[in-house]
Amino acid sequence: MTMLSNNEIIKMRKTLIQRQFAHMNNMQQQAIFTVNGALLILAGAGSGKTTVLVNRISNILSWGNAYNSDYVPEYITEKDIDQLQNCYFNNIEPTSELISKFAVNPAKPYQIMAITFTNKAAKELKERISAKLNCTDTDIWASTFHSSCAKILRRYADLLGYSSHFAIYDTDDSKRIIKDCCKSLGIIEREYPIKTMLNEISKAKNSGISLEDFKKDSIGDSYMTSIAKVFDLYQKSLKKSDAMDFDDLLINTVNLLKNNEEVRTYYQKLFKYVMVDEYQDTNKIQYELIRLLSDGTKNLCVVGDDDQSIYKFRGATIENIINFEENYPNAKVIRLEQNYRSTKVILSAANSVIENNTTRKGKNLWTNNDNGDLITVFTTFNETEEADYIGSQILSMVAKGKKYSDFAVLYRTNSQSRALERVFVRSAIPHKIIGSVKFYERKEVKDMLAYLRIVNNNNDDEKLKRIINYPKRAIGSATVSNVEEIASQLGKNMMSVLRTSNQYADLVKAAPKLMDFANMIDEFSEIANDKKVRISDLYITILERIDFKNTLKKDHSVSDNAIENVEELLTAIRQYENENGEDASLSGFLDEVALMTDIDNYNNNIAEDDNRVSLMTIHSAKGLEFPVVFLPGMEENLFPSFKSSKNPEDLQEERRLAYVALTRAKEKIFITNTQSRVYLGVTNRNSPSRFIKEIPAELITSSTQQPIVSEMSKAYAVSPYEKRKHQIETAKIFGPAVTEPKKSVSSNNYSVGDIVNHKAFGKGMIISSKPMGNDFLLEIAFDTAGTKKIMSNFSKLEKI
DNA sequence: TGAGCATAGTTTTTT
DNA sequence: ACTATGCTCA
């Protein structure tokens, strides 16, 4: 046996690494093999971005920088080389043991930090990495910006003057505080809307403007000076409550890393590799955080798509991605432009639309997939007809074998969901609306969480105020203000004032009740401190002690399924306990909840019982994909929205949103617009969206199928004149409607007037029948279930 | 304290 | 059109 030269070993090693990632395309491989230094991966929609991230991490963990390195570890033996050669010549995958011998500086899982925007994305990343590498979830630091920061801050909170139990305030909490601040500053809400003020403050925080800077900048501007005062008081109240808002989590972490060399060095040494997903949606503070974290090794990889930046209104600066090469002069840029998701038609439509934007890195998605169906554009008279049309299309495609979960209806504004929901309920189309009312934002859920939060952190005055008189304890608002006043004068939290309330003249009358309440909370805290007691036990104790379910039963202002939601929260707690075992803690659970959203709960892996159509805003749909996508409300003033059509920059963001919408679809897109739409109480007549016109005409087909005019849309009293006008105008825009020659259709067993029996809906009469595909769409008025639309072949009807 | 009426404000919202 | 919040009065 001859000893191989280093060069030969390096060559073989490289080949073996390449083979391991041979299933990836060229560009993807480049991204996987570029492990050191700054790297920007411009990943188009559906280009296998997450797969690349997973494989890149896998490469770093197993091979380290071996692919690019000329270094051969000295300790390898001849036997090792033999094995390497054996793998090389016989096309055998090297064992992990062998890989570890030839690897160059492979990283340990805990040395990798991967930052995502949603918990869902973080979870997916962790799962896929552990599946690939047999390491456990907890080894890899993959989480959202905010939970990463929370995790760091819990350790060092005392350095910043917070306790390790500090509360995390959501937007709702922030609004309440701002309101209080305005009140005590004598600022009138009418002149300074809370939302505007919170926006200004958040905007400042996100762009790295400190309170001091903000004050300085506001000098001479009375409007901004007022906001500065609120800003000041707001921060003070937060501090007093031992609380941080979402922005503070980031700011405080950045400040901690900036000002404390020891902490900074610790994390810079710890994280040898930093990766950031959805980089186009980062803001200035996040940029700073990333910079600080990655400045040790400078191994930073960011992944993003400037064309999918749709969160400018929340402070994201597209400049972060546009200027990446400027900020990191030696950065390498890799474009992933091959799309594995959509048809050619869909991609060229999306490309043509986004080409109208001027501020972009430039990128052209292509695919090897089939051409696919043309995009269907259809104009209806009003939003109910629009919903009818979408419903009928879904029903007819379901009749041809599609599943309900293959469809998504993506709209610009949440309010558009109403008309759709009405029709879907009526037509018995299983559906789910994502993002309208969020679970953790429901009143009863927030109430119960407030109990847990005040137990966890006695300083949390905001939560205390929320529940001190709910369930009713005859503690009036005047008493609460007194407590608050005394607390602020003494510089104490409200809980400590409650405990000793009999000592204050203003509180004497209410003292017994206040002290009862304080005692109860203290009891809960004692229970919580007992290490043997689980969070779920504490929760049940509280629930029973305050008799919450009965309270909800009597309270007519809460929603019908309030009790269900309270029980669902228990399930969530138990799930958390199961997932975290020994590490489960009250503050851990509360952190998770504070940083969680509905979208995170949305499970795109379709379970058997989850065969439902998805309805959501385009924003919520980012990162998801569906075989068939409906885009209703493609009208000027709605999409692009009225406000953005004035401003070229906002318009570009709307266009990116349109791009996101189109690229969600795998097979087929339906675009609809209406002639008239009731919006904000007034009927608007909007022309078709400019985005429709930006799609080349040859990619579009106008639907030949007339929508079924339902009883409901007839109720809008459409005159024949209006109808005719609508038809003419539609023809002007999209050409005359082509009437397809009537195909021979399978015989219809039912006719109008027949009485039928349906398995689920009972007895009913057929009131209309319309051929559709090889089937008939029947409209049936049921005795008890109301009027529904049903495909004749699909549902087993019994003629009576 | 609570019911009932008036009024304002409604683009998107990963945390 | 719809809802959430504030204000008034019993």
Side-chain angles (χ1 to χ4, degrees), chain A residues 115-122 143-150 168-172 174-176 179 183 189-190 193-196 198-199 202 205-206 244-250 277-283 285-286 308-316 383 410-416 418-419 422 434-438 440-441 443 469 472-479 555-557 591-602 616-624 633 637-645 650 653-654 656-658 660-661 677-684:
Chain A
I115 306 177
T116 59
F117 266 82
T118 64
N119 296 297
K120 191 182 158 239
S143 54
T144 64
F145 271 105
H146 291 82
S147 42
S148 302
C149 289
I168 299 171
Y169 277 6
D170 62 20
T171 316
D172 218 51
S174 298
K175 276 187 195 153
R176 278 166 212 269
K179 200 171 217 175
K183 214 176 245 170
E189 234 189 283
R190 193 170 298 187
I194 289 176
K195 219 177 149 186
T196 317
L198 191 60
N199 264 338
S202 182
K205 284 180 165 188
N206 282 325
M244 301 185 196
D245 66 13
F246 289 142
D247 302 326
D248 287 339
L249 289 174
L250 300 170
D277 196 7
E278 306 283 13
Y279 190 66
Q280 75 281 358
D281 289 328
T282 52
N283 59 36
I285 276 290
Q286 287 161 340
Q308 290 186 68
S309 162
I310 53 175
Y311 283 101
K312 181 181 157 222
F313 69 96
R314 287 191 70 238
E383 68 270 20
L410 310 179
Y411 34 77
R412 179 69 245 266
T413 69
N414 272 313
S415 63
Q416 287 172 258
R418 246 180 249 137
R422 246 186 346 225
I434 289 130
S436 45
V437 199
K438 292 166 186 158
Y440 286 106
E441 280 171 21
K443 186 193 170 294
N469 198 35
K472 298 239 160 64
R473 300 185 178 90
I475 299 172
S477 56
T479 308
D555 188 342
H556 299 294
S557 67
D591 267 11
E592 202 178 282
V593 166
L595 303 173
M596 179 134 85
T597 62
D598 244 27
I599 317 292
D600 295 328
N601 292 328
Y602 177 71
M616 66 184 103
T617 62
I618 301 166
H619 282 91
S620 303
K622 196 168 130 194
L624 304 177
N637 298 326
L638 181 63
F639 192 20
S641 77
F642 177 71
K643 279 184 183 164
S644 64
S645 49
D650 291 346
E653 175 136 326
E654 293 285 304
R656 291 193 289 268
L657 196 56
V660 169
R677 177 182 298 275
V678 180
Y679 187 63
L680 303 183
V682 279
T683 305
N684 296 285

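Proteins get letters first, then strands, A, B, ... in listed order; numbering begins at 1 in each. This one's a predicted model, so the numbers in the text were calculated from it and none came from an experiment. Only this structure's heavy atoms are used, side chains among them; waters, hydrogens and symmetry mates stay out.
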Rounded distance (nearest 0.5 Å) linking atom OG1 of Thr171(A) with atom CG of Asp245(A): 8.5 Å
Is a donor on one side and an acceptor on the other found under 3.5 Å between the side chain of Asn119(A) and the backbone of Leu595(A)? yes
Under-4.0 Å side-chain N/O to phosphate OP1/OP2 contact, Ser620(A) with dT12(B): no
With nearest nucleotide decided by heavy atoms, which residue, Pro193(A) or Ala316(A), maps closer to the 5′ end of DNA chain B? Pro193(A)
Under 4.0 Å between a side-chain N or O of Asn414(A) and OP1 or OP2 of dT10(B)? no
Is there ring stacking between Tyr311(A) and dT12(B), where the centres must be under 5.5 angstrom apart and the planes under 30 degrees? no
The side chain of Leu680(A) is closest to which nucleotide in this list: dT14(B), dT12(B), dT11(B)? dT11(B)
Any side-chain heavy atom of Leu657(A) sitting closer than 4.5 Å to one from Phe639(A)? yes
Can you check whether Ser641(A)'s main-chain N or O pairs, donor with acceptor, with Glu654(A)'s side chain at less than 3.5 Å? yes
Less than 4.0 angstrom between a side-chain N/O of Thr413(A) and OP1 or OP2 of dT10(B), yes or no? no
Look at all strands and tell whether Asp281(A) reaches a base, only sugar-phosphate, or nothing, counting heavy atoms closer than 4.0 Å. base
Mind checking if Phe145(A) touches a base, just sugar-phosphate, or nothing, with heavy atoms under 4.0 Å? nothing
Span of DNA chain C engaged by chain A, first through last nucleotide within the 4.0 Å heavy-atom cut-off, is dA1(C) to dG6(C)
Within-4.5 Å side-chain heavy-atom neighbours: Phe117(A) and Thr144(A): no
Keeping Gln286(A) on the side-chain end and Phe145(A) on the backbone end, is there a donor-acceptor pair under 3.5 Å? no
Output the distance between atom CZ (Arg677(A)) and atom CG (Asn637(A)), rounded to the nearest 0.5 Å. 11.5 Å
Whole-Å distance separating the CG atom of Asn637(A) from the P atom of dT12(B): 15 Å
The dot-bracket string of DNA chain B, counting Watson-Crick and G-U wobble pairs with both distances under 3.5 Å, using [ ] for crossing pairs and | for pairs to another strand, is ||||||||||.....
Short side-chain N/O contact from Lys472(A) to OP1 or OP2 of dG2(B), under 4.0 Å: yes
Just how far is it from atom CD1 of Ile168(A) to atom CG of Asp248(A), taken to the nearest 0.5 Å? 10.5 Å
